[in-house]
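Values below: all heavy atoms of this structure, side chains included; hydrogens, waters and symmetry mates excluded. The sequence lines fix the lettering, A, B, ..., with proteins before strands; numbering per chain opens at 1.
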Amino acid sequence: MQDTHPLLRNLNPPQREAVQHVKGPLLILAGAGSGKTTVITRRVAWLIEEEGVHPSSILAMTFTNKAAGEMRERVQKLVSVPTEQLWVSTFHSFCTRILRREGDRTPVGRDFVIFDPSDQKALIKQVLAELKLPEKQFHPKKVLEIIGDWKNRCLLPEEAREEALDAWTRKALDAYSLYQTGLKNHRACDFDDLLLHTERLFRDSTVQAIYTERFKYLLVDEYQDTNRAQYLLVQHLAKHHHNLCVVGDEDQSIYGWRGADIRNILDFQHDFPEAVQIKLEQNYRSTQKILDAASTVIANNSQRLGKTLWTQLGEGEKMVFKLTDEGRLEAEWVVDRIREERARFPDAKMAVLYRANWQSRQLEEALRAMNMPYKLVGGVKFYERQEVKDLLAYLRLLSNPFDQVSFRRAISSPSRGVGPTTMARIAAAIPEGGTPLEGAWALLKSGELKGRAQREVGKFLDLFRRGTGEISTTGLAGLVRWMLVESGYVQMLEDEATLEAEGRLRNLEEFVNAAADSESLGLRLPEFLDRVTLASDTDQLEESAQLSLMTIHCAKGLEFPVVFMVGMEEDVFPNRNARETDDGLEEERRLFYVAITRAQHKLYLSAARRRRMMGQEMLGMPSRFLRELPADALETPIRWGTELYQSGQGAFSAPRPSQGGGHSVASELQRIRGMFDRTRTAAEVVPESAPGSVISLEPSNGSWPKGTRIRSPRFGRGVILGSTGSGDGLTYTVRFEGGEKRILARFGMLELAGD
DNA sequence: AAACTTTGGTATCTT
DNA sequence: ACCAAAGTTT
C-alpha cells in the first residue's frame with residue numbers, strides 16, 4: 001500500500017473511482033455517512049494536482065456557506081497551490097457574485113439589496129393593499145408561497161399567466177407582477193430572484209460563454225435538493241464540456257416544499273446518458289443497528305434509486321424508545337438520559353432533534369432547570385431579531401437609498417412621530433426615479449410637517465447626509481457603532497431599562513463584533529450586508545457545543561455520537577400538513593431517515609401521549625414511523641397498549657371546553673395540572689419556607705430588599721418584588737401600577753420613594 | 001395623528 | 001405561545 005497515491009489513501013474502490021474520474025458527467029450516489037466530503041475534496045484536489053487544472057476553472061456548489069468554507073479549507077490542505085481562486089459557494093452566493101458583476105443587464109442593476117423573508121412580507125403587504133386584496137383571503141404568506149413556486153420554476157409573471165387558472169391564482173399573479181415592480185423600484189432581490197435573474201442572464205449566449213469557458217469543471221453537492229432554477233443554471237454551465245459531477249442521495253431529499261425536485265437526481269442519467277454512476281454504500285459513521293433501522297424505514301419509499309448501506313463498525317447498541325405521559329416529562333426523560341450518557345462518555349457531543357422549532361421550548365426549560373448548558377441552533381435567527389433588523393435597515397438604507405422597506409423601518413424605530421399618514425405623504429413626494437429620502441426632503445421643504453415630525457425627520461435626513469461621509473472615513477465596525485449612537489437607537493434601548501432591552505444591546509454589541517470580523521477580512525458595507533443576509537443557521541453552529549438542539553433540517557450533514565429524536569407522534573412527525581399526500585409522506589420518511597442516520601453510536605426516540613400545542617392540551621398517537629422500525633433494532637418492543645391509543649384511527653385532539661360539553665380527558669388533566677402549577681407559584685412567593693431550594697435568594701449585597709418602595713422616571717411608583725443577579729446584571733422585579741416589570745439596576749435610575 | 005393596550009387569529013422545515 | 005390588527009388613550 002505504500003505506493004498508493006496520497007489522494008487515494010484509505011479510500012475504498014468506489015471512492016477511488018470517484019476521485020479519479022475527470023472528464024464527462026458523473027453521478028455520485030452517496031449514502032449517509034459514506035465519506036462523501038472526503039471524496040469530493042479529494043476529487044477537487046485530484047483535478048488540481050494530477051490533472052493540472054487551475055483552481056479558478058473549478059466551480060463547486062454547496063448547500064451552506066459553512067460547508068463551502070470547510071471544503072475550501074480541506075482542499076487547501078491537500079494541494080500545493082493557493083485555492084483563493086477556487087469558486088466554492090452556495091447557489092445563492094454564487095448568483096449574488098454573478099449579479100454584482102453582470103447585473104447591469106438585470107432589472108435591479110448591480111447595487112441591489114437582498115430582501116429576506118420579513119422584507120418580502122412587508123413588500124407583499126404593500127402590494128396587496130394597493131391591489132385592494134383583503135389579507136383575510138390573500139394571506140401574505142400564502143401569496144409569497146405561490147410566488148416562490150413560480151420563481152423556483154423560473155417563471156416570470158407573464159409566463160406564469162399562461163397556466164394561471166382559478167380566480168384566486170389570477171389575483172395572486174397580479175400581486176406577483178406588482179411585487180416584482182416593487183422589488184425593481186427598491187433595487188432589491190429576494191432569495192429566489194438571485195437564482196431567477198442569474199438564470200435569465202445565462203440564457204444570453206455571450207454571458208453564458210464567459211462562464212462556461214471559465215468554469216471547466218463543475219461540482220454540485222446535495223443535488224437531490226436542487227430546484228428547477230438551480231437545475232437550469234447547472235445545465236447552462238455544463239452545456240458544452242459536460243464536466244459535471246453531481247453528488248447526492250435521493251433518500252435525503254427533504255426540501256421539496258421549497259421547490260427542490262427529487263427528479264433532478266433521479267433523472268440525471270436521462271439528462272446525460274453518458275454519465276458514469278458510482279454508489280458509495282459503505283457507511284463510516286454508524287453502527288449496524290442504526291443502519292438497520294434507517295434501511296428498513298426508507299425501504300417503504302417508492303421514489304428511490306436504491307442503495308444498501310453497510311458498516312464495519314459492529315452491531316452497536318440498540319435504540320431506546322420511551323413513551324411518556326406528557327411533553328414536560330418527555331423533556332425531563334431526555335435530560336436524564338443526557339446526564340447518564342455524559343457520565344458514560346464525558347466528551348461525546350449530543351444532539352436533540354425535532355421536527356419543528358416550537359418543540360425546543362420544553363427541552364430548553366428542562367435543561368435550564370437542571371443548569372445544563374446547550375446550544376440552540378436555528379429558531380429565531382440572530383440576523384432576524386428585531387433590533388438587528390432595525391440596525392440593518394439603517395445600514396441598508398445607507399448602502400442603497402432606494403430601499404423603501406428599510407426606510408420605513410429605520411424611520412419608525414426609534415419612533416420619530418412618523419406614522420402611516422406621514423409615511424404615505426412621504427411616499428407620494430418621492431420624485432420620479434428618486435429615493436424615499438428625497439421624498440422626505442421634499443415634504444420637509446414644503447413645510448407641511450409640523451412639530452415633532454418636522455424636527456425628527458430633519459434630524460433623520462441629516463443623519464444620512466452625515467452617514468454618507470462616514471462610510472468613506474470610518475471603518476465598517478466604526479460605521480456601525482456610529483450609526484447605532486447617532487440614530488438614537490442605543491439611547492432608546494437604554495431608556496427602556498428593562499432586561500429585554502439589555503439583551504438587545506448585547507445582541508447589537510455582538511453585531512458590531514461581526515462587523516469588525518468582516519472588516520478584518522477586508523469587506524466593505526455592501527459585501528458585509530450580503531454576507532449577513534445569506535448567512536444560514538448552521539453557518540453559526542459551533543462545533544464545540546457539547547449539546548445542540550435543532551430541527552432535523554438543520555442537522556443534515558452533521559453527525560453526533562448520541563442523538564435524541566423527540567416528538568415521535570402523528571401530526572407532529574409526520575407533520576400534520578404532510579400526511580395528506582404520498583409525496584409529502586415520503587418526504588417526511590426521508591426526514592426520519594436523515595434523523596436516524598445522524599447517530600453514530602446511540603439513538604433515543606421519544607413520544608408523549610399529551611402535549612400542549614397552540615395553547616391547548618392535545619392527545620396524540622404514536623408516529624406511524626415507529627411501526628416501521630425493525631423490532632430487533634430496539635432495546636424493548638414498543639408498547640401500544642393504552643386505551644387511548646387503541647380507540648382511534650388517526651390522532652385526535654381533545655374537544656375544546658367551549659364546543660364539547662362535559663369533562664374531556666384533556667380538560668380534566670389541564671385542571672389538575674393548573675392546580676399543581678398554582679401550588680408551585682405559592683411556594684415561590686414564600687421562599688423562607690424552602691431554604692436552599694432551587695429558587696434561591698441572591699445575597700442582598702447592596703441591593704434593595706423586596707418590599708422596598710421605589711420610583712422610576714419611566715414607570716412611576718413601584719414595589720420591589722425581588723432581584724436576581726449582581727453587579728451589572730442586578731435586575732429587580734418591580735410591581736408598578738401598570739403591572740410587573742423586570743428592570744436592570746444599572747439603567748433603571750430607580751430611587752427610593754420619598755414618603 | 002401617534003403611541004400604547006388588548007384581543008384575536010394562527011403555527012413545518014429554510015437558502 | 002406568539003405576532004399582528006383593532007381599539008383606546010394622549
Side-chain angles (χ1 to χ4, degrees), chain A residues 61-68 89-96 114-118 120-122 125 129 134-136 139-142 144-145 148 151-152 189-195 222 225-227 229-230 253-260 353-362 365 377-381 383-384 386 411-425 449-453 456 530 533-539 550-556 567 571-579 584 587-588 590-591 594-595 611-616 618 738-739:
Chain A
M61 301 292 196
T62 57
F63 199 64
T64 64
N65 292 297
K66 178 168 164 255
S89 64
T90 62
F91 272 101
H92 289 88
S93 299
F94 170 78
C95 291
T96 306
I114 303 173
F115 267 22
D116 74 11
S118 64
Q120 289 181 273
K121 198 171 160 202
K125 280 180 151 190
E135 288 190 16
K136 276 246 155 63
H139 285 310
K141 268 187 67 185
K142 278 267 169 284
L144 282 174
E145 215 168 87
K151 290 189 174 186
N152 284 153
C189 286
D190 62 22
F191 283 156
D192 299 326
D193 279 344
L194 297 172
L195 306 175
E222 307 285 9
D225 285 327
T226 50
N227 61 31
Q230 292 165 327
S253 166
I254 55 177
Y255 285 96
W257 47 273
R258 158 179 126 179
L353 307 183
Y354 35 82
R355 176 65 236 268
N357 280 308
W358 59 266
Q359 295 173 266
S360 70
R361 175 164 313 172
Q362 250 174 346
E365 280 166 13
V377 183
V380 199
K381 283 164 248 168
Y383 291 115
E384 277 171 24
Q386 187 184 295
I411 205 164
S412 0
S413 60
S415 57
R416 291 185 169 86
V418 175
T421 316
T422 315
M423 192 73 81
R425 285 161 73 193
L449 292 178
K450 305 207 167 57
R452 180 156 174 245
E456 295 284 348
D530 285 351
T533 316
L534 294 176
S536 68
D537 290 334
T538 30
D539 291 345
M550 64 186 101
T551 62
I552 306 170
H553 283 90
C554 266
K556 186 166 156 190
D571 285 2
V572 174
F573 190 30
N575 188 284
R576 169 174 253 286
N577 307 305
R579 70 169 177 203
E587 181 153 318
E588 294 290 298
R590 290 194 290 268
L591 207 43
V594 169
R611 185 184 291 287
R612 264 181 88 98
M613 285 164 79
M614 300 185 200
Q616 288 286 313
M618 307 282 274

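In the set dT15(B), dC13(B), dA1(B), dA1(B) carries the atom at the smallest distance from any side-chain atom of Thr421(A). Distance from the side chain of His139(A) is smallest for dT10(B) among the nucleotides dT10(B), dT15(B), dT14(B). Considering only side-chain atoms of Ala356(A), the nucleotide from dC13(B), dA1(B), dT15(B) that sits closest is dC13(B). Picking from dT14(B), dA5(C), dA3(B) the nucleotide with the shortest atom distance to the side chain of Lys125(A) gives dA5(C). Minimum atom distance to the side chain of Asn357(A) is reached by dT14(B), of the listed dT15(B), dT14(B), dA2(B).
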Inset, instruction - Before giving the answer on side chain to side chain contact (heavy atoms under 4.5 Å, CB included), spell out for Tyr354(A) and Thr551(A) the whole-Å C-alpha distance, their side-chain angles and the decisive distance to 0.1 Å. - result: CA-CA 5 Å; Tyr354(A) 35 82; Thr551(A) 62; 3.8 Å; yes

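Residue-level contact check: Lys121(A) touches the backbone only, with heavy atoms under 4.0 Å from sugar-phosphate atoms and none from bases.
Taking atom NZ on Lys151(A) and atom C1' on dT14(B), their separation rounds to 16 Å, with Å as the unit. The interatomic distance linking Leu353(A) (CG) with dC13(B) (P) rounds to 14 Å, in whole Å.
Legend: residues meeting side chain to side chain donor-acceptor pair (under 3.5 Å) with Gln230(A), ordered by chain and number and at least two apart, are absent. Residues passing the side chain to side chain donor-acceptor pair (under 3.5 Å) test with Thr533(A): none are found, sequence neighbours excluded.
Between dC2(C) and Arg361(A), a contact under 4.0 Å exists linking OP1 or OP2 to a side-chain N or O. Side-chain nitrogen and oxygen atoms of Thr551(A) include none within less than 4.0 Å of the OP1 or OP2 phosphate oxygen of dC13(B). Contact check, Lys141(A) against dT10(B): no side-chain N or O comes under 4.0 Å of OP1 or OP2. Regarding contacts with the backbone of dT15(B), every side-chain N or O of Ser93(A) stays at 4.0 angstrom or more from both OP1 and OP2.
Nearest-nucleotide assignment on DNA chain B puts the 5′-proximal partner with Met423(A), out of Met423(A) and Ala578(A).
Applying the 5.5 angstrom centroid cut-off and the 30 degree plane-angle cut-off, the aromatic ring of Phe91(A) is not stacked upon the base of dT15(B).
Judged purely by atom type and a 3.5 angstrom limit, Asp225(A) uses its side chain to pair as donor or acceptor with the backbone of Ile254(A).
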